[in-house]
Novice: 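Got a structure here, written out as structure tokens. Questions coming.
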Amino acid sequence: MISKSQIKLITSLQQKKYRNKTGLFIAEGRKIISDLLVANLQLHSLFATEDASNLSNQYVEVNARELQKISSLTTANTMLAIFHIPKMISAKTNGLTVVLDAVRDPGNLGTIIRLCDWFGVHQLVCSLDTVDCFNPKVVQATMGSIARVQISYTDILRYIKEAELPVYAAVMDGTSVYEASLKSDAILVMGNEANGISQPIQKLIEEKVTIPYFGNPDTAESLNVATATGILLNEFRRITGTSN
């Protein structure tokens with residue numbers, strides 16, 4: 001049985017201000033919850049419609065209607081957990097790092113986190129106006145990869161200046177990524193969905209790269225930021241053959 005106070009807490013965590021206030025976030029689904037536990041994130045509470053004793057011996061058994069009431073999904077999964085938000089670690093200045101400049105869509109951020117995990121990019125640095133990585137939609141879109149990628153929110157202008165690494169950026173009018181000289185220790189900047197990379201950051205870019213189109217330029221829409229990130233990371237790894 002789930003209490004009214006628990007329902008109030010869980011529903012409040014849909015909003016960033018309450019996540020910041022409580023230091024808690026929501027995760028749904030056995031795989032995501034299991035991945036977070038394996039990564040040693042601190043569990044606050046767990047609610048499940050099925051046996052979850054292998055995850056926590058203190059889970060609360062609920063029925064499907066109760067779980068749907070607290071779920072952020074259209075159709076609730078079989079379990080929902082509340083975790084403590086881990087302490088942010090300062091961003092490193094080595095290896096291949098993806099830097100996001102004001103990426104606002106939760107689905108895009110979640111997919112980019114998943115791509116970083118797939119391509120062995122262990123660090124993702126986000127501007128302060130990038131969507132919160134503990135937004136329930138972001139957590140869900142990562143499919144558990146949020147447990148394996150170090151995410152930092154910082155002043156990215158200062159971070160890039162201090163990193164002293166080659167800076168690549170995805171733009172429409174750059175050098176084809178298939179012809180660019182890519183480095184294993186580098187920063188890849190991806191910009192806002194609508195406005196691209198901000199002017200102050202553009203001044204720090206050393207090499208602008210683009211993904212060439214092979215279709216009809218008059219009819220093909222530009223790639224979204226998550227799709228472009230996946231293609232660029234694939235090329236970085238194909239050329240450099242290393243992970244952080």
Side-chain angles (χ1 to χ4, degrees), residues 1-89 98 100 103-119 121-126 130-153 226 229:
M1 183 72 179
I2 187 167
S3 68
K4 289 183 179 180
S5 62
Q6 288 171 323
I7 293 173
K8 183 177 180 180
L9 170 63
I10 294 165
T11 54
S12 74
L13 296 179
Q14 301 289 335
Q15 299 180 54
K16 183 178 179 180
K17 66 178 181 179
Y18 290 112
R19 293 194 295 272
N20 289 342
K21 182 178 180 180
T22 61
L24 301 171
F25 74 99
I26 300 167
E28 299 192 56
R30 179 178 284 274
K31 182 186 183 303
I32 295 175
I33 293 169
S34 177
D35 284 353
L36 292 172
L37 289 171
V38 168
N40 294 318
L41 268 72
Q42 184 181 353
L43 181 68
H44 176 279
S45 49
L46 174 62
F47 306 89
T49 59
E50 62 182 28
D51 182 17
S53 57
N54 63 326
L55 298 178
S56 171
N57 56 13
Q58 296 182 327
Y59 78 95
V60 177
E61 188 173 343
V62 295
N63 59 42
R65 186 177 61 82
E66 289 175 315
L67 193 63
Q68 187 63 62
K69 187 180 294 185
I70 59 175
S71 175
S72 62
L73 306 176
T74 303
T75 302
N77 211 302
T78 58
M79 56 184 68
L80 178 150
I82 301 174
F83 283 92
H84 293 269
I85 294 174
K87 185 178 179 180
M88 288 286 178
I89 300 172
V98 174
L100 301 184
V103 169
R104 302 293 176 79
D105 182 82
N108 281 337
L109 178 56
T111 302
I112 290 169
I113 294 169
R114 193 174 174 185
L115 287 165
C116 286
D117 186 23
W118 181 265
F119 287 106
V121 177
H122 303 304
Q123 177 173 259
L124 176 65
V125 177
C126 302
T130 289
V131 62
D132 179 22
C133 65
F134 295 109
N135 177 308
K137 292 180 180 178
V138 176
V139 175
Q140 203 65 28
T142 71
M143 295 299 291
S145 290
I146 194 170
R148 294 178 290 276
V149 178
Q150 180 184 314
I151 305 166
S152 304
Y153 284 78
T229 301

Novice: Kindly indicate whether the side chain of Ile70, heavy atoms from C-beta on, has any atom under 4.5 Å from the side chain of Gln6.
Specialist: no

Novice: Examine distances only and state if a side-chain atom of Lys31 and a backbone atom of Met143 form a donor-acceptor pair shorter than 3.5 Å.
Specialist: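 Yes; at least one donor-acceptor contact below 3.5 Å.
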
Novice: For Met88, is there any backbone N or O sitting under 3.5 Å from a side-chain donor or acceptor partner on Tyr153?
Specialist: no

Novice: For side chain to side chain contact (heavy atoms under 4.5 Å, CB included), just list the numbers for Ile26 and Phe83, CA-CA rounded to whole Å, side-chain angles, deciding distance to a tenth of an Å, and then say yes or no.
Specialist: CA-CA 6 Å; Ile26 300 167; Phe83 283 92; over 6 Å; no

Novice: Please tell me if the side chains of Phe134 and Ile146 come closer than 4.5 Å, counting only heavy atoms from C-beta onward.
Specialist: yes

Novice: Can you tell me how far apart CD1 (Ile32) and CE (Met79) are? Round to the nearest 0.5 Å.
Specialist: 11.5 Å

Novice: Looking at every heavy atom in both Arg30 and Ala52, which two are closest together, and how far apart are they?
Specialist: NH2-CA, 4.2 Å

Novice: Is it true that, when you exclude Lys8 itself, more than 12 heavy atoms of the residues, nucleotides or ligands shown sit nearer than 6.0 Å to its NZ?
Specialist: no

Novice: Looking at every heavy atom in both Leu24 and Ile85, which two are closest together, and how far apart are they?
Specialist: O-CD1, 3.7 Å

Novice: Any chance you could measure Glu61, atom CD, to Phe47, atom CZ, to the nearest 0.5 Å?
Specialist: 13.0 Å

Novice: Checking side-chain polar atoms at under 3.5 Å, does Ser72 have a donor or acceptor matched by the opposite partner on Glu28?
Specialist: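 A donor-acceptor contact under 3.5 Å links the two side chains.
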
Novice: May I ask you to test the Ser152-Leu124 pair for a side-chain heavy-atom distance under 4.5 Å?
Specialist: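 A side-chain contact under 4.5 Å is absent here.
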
Novice: Is there a side chain to side chain contact (heavy atoms under 4.5 Å, CB included) between Thr111 and Thr142 once you walk through the steps?
Specialist: CA-CA 6 Å; Thr111 302; Thr142 71; over 6 Å; no

Novice: Do you know which two heavy atoms are closest between Leu46 and Leu43, and how far apart they sit?
Specialist: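 Reported closest heavy-atom pair: CB-CD2, 4.3 Å.
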
Novice: Using 0.5 Å steps for rounding, measure from the CG atom of Asp105 to the CG atom of Asn135.
Specialist: 9.5 Å

Novice: With side chains defined as the heavy atoms from C-beta onward, is the minimum distance between Thr49 and Asn63 less than 4.5 Å?
Specialist: no

Novice: Tell me if a side-chain donor or acceptor on Gln15 pairs with a main-chain N or O of Ser12 at a distance below 3.5 Å.
Specialist: no

Novice: Can you name the closest pair of heavy atoms from Leu37 and Leu55 and give their distance?
Specialist: CD1-O, 3.8 Å

Novice: In Å and rounded to the nearest 0.5 Å, what is the CZ to CD1 distance from Arg65 to Ile2?
Specialist: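 Output value for this atom pair is 11.0 Å.
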
Novice: Write down the atom of Val131, the atom of Leu109, and the distance for their closest heavy-atom approach.
Specialist: O-CD2, 3.2 Å

Novice: Have a look at Asp132 and tell me which of Arg104, Lys137, Arg19 forms a salt bridge (charged side-chain N to carboxylate O under 4.0 Å, His left out) with it.
Specialist: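 Exactly one option meets the salt bridge (charged side-chain N to carboxylate O under 4.0 Å, His left out) with Asp132, and it is Arg19.
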
Novice: Hey, what do you get for CD1 (Ile113) to CD (Gln150), rounding to the nearest 0.5 Å?
Specialist: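 Ile113 atom CD1 to Gln150 atom CD measures 12.5 Å (nearest 0.5 Å).
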
Novice: Are the side chains of Val149 and His122 in contact, using a 4.5 Å heavy-atom criterion?
Specialist: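 In short, these two side chains do not touch, never coming nearer than 4.5 Å.
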
Novice: How long is the gap from CG on Leu13 to NZ on Lys21, to the nearest 0.5 Å?
Specialist: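 Leu13 atom CG to Lys21 atom NZ measures 11.5 Å (nearest 0.5 Å).
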
Novice: Give the minimum heavy-atom separation between Ala226 and Leu115, together with the two atoms involved.
Specialist: O-CD1, 3.2 Å

Novice: CD of Gln58: more than 12 outside heavy atoms within 6.0 angstrom?
Specialist: no

Novice: Can you see whether Ser71 engages Gln68 through a side-chain donor-acceptor pair at a distance of less than 3.5 angstrom?
Specialist: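 Ser71 vs Gln68: no donor-acceptor pair found between side chains.
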
Novice: Is any side-chain heavy atom of Thr22 closer than 4.5 Å to a side-chain heavy atom of Leu9?
Specialist: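 With C-beta onward as the side chain, the pair touches.
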
Novice: Is a salt bridge present between Arg148 and Asp35, judged by a nitrogen-to-oxygen distance below 4.0 Å?
Specialist: yes

Novice: With the side chain counted from C-beta on, respond yes when Leu100 and Val125 share a heavy-atom pair under 4.5 Å apart, and no when they do not.
Specialist: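 Side-chain contact under 4.5 Å: no.
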
Novice: Take a 6.0 Å sphere around OH of Tyr18 and say whether it holds more than 12 heavy atoms from other residues, nucleotides or ligands.
Specialist: no

Novice: Would you check if Phe25 and Ile82 make a side-chain contact, meaning some heavy-atom pair closer than 4.5 Å?
Specialist: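 No, side chains not in contact.
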
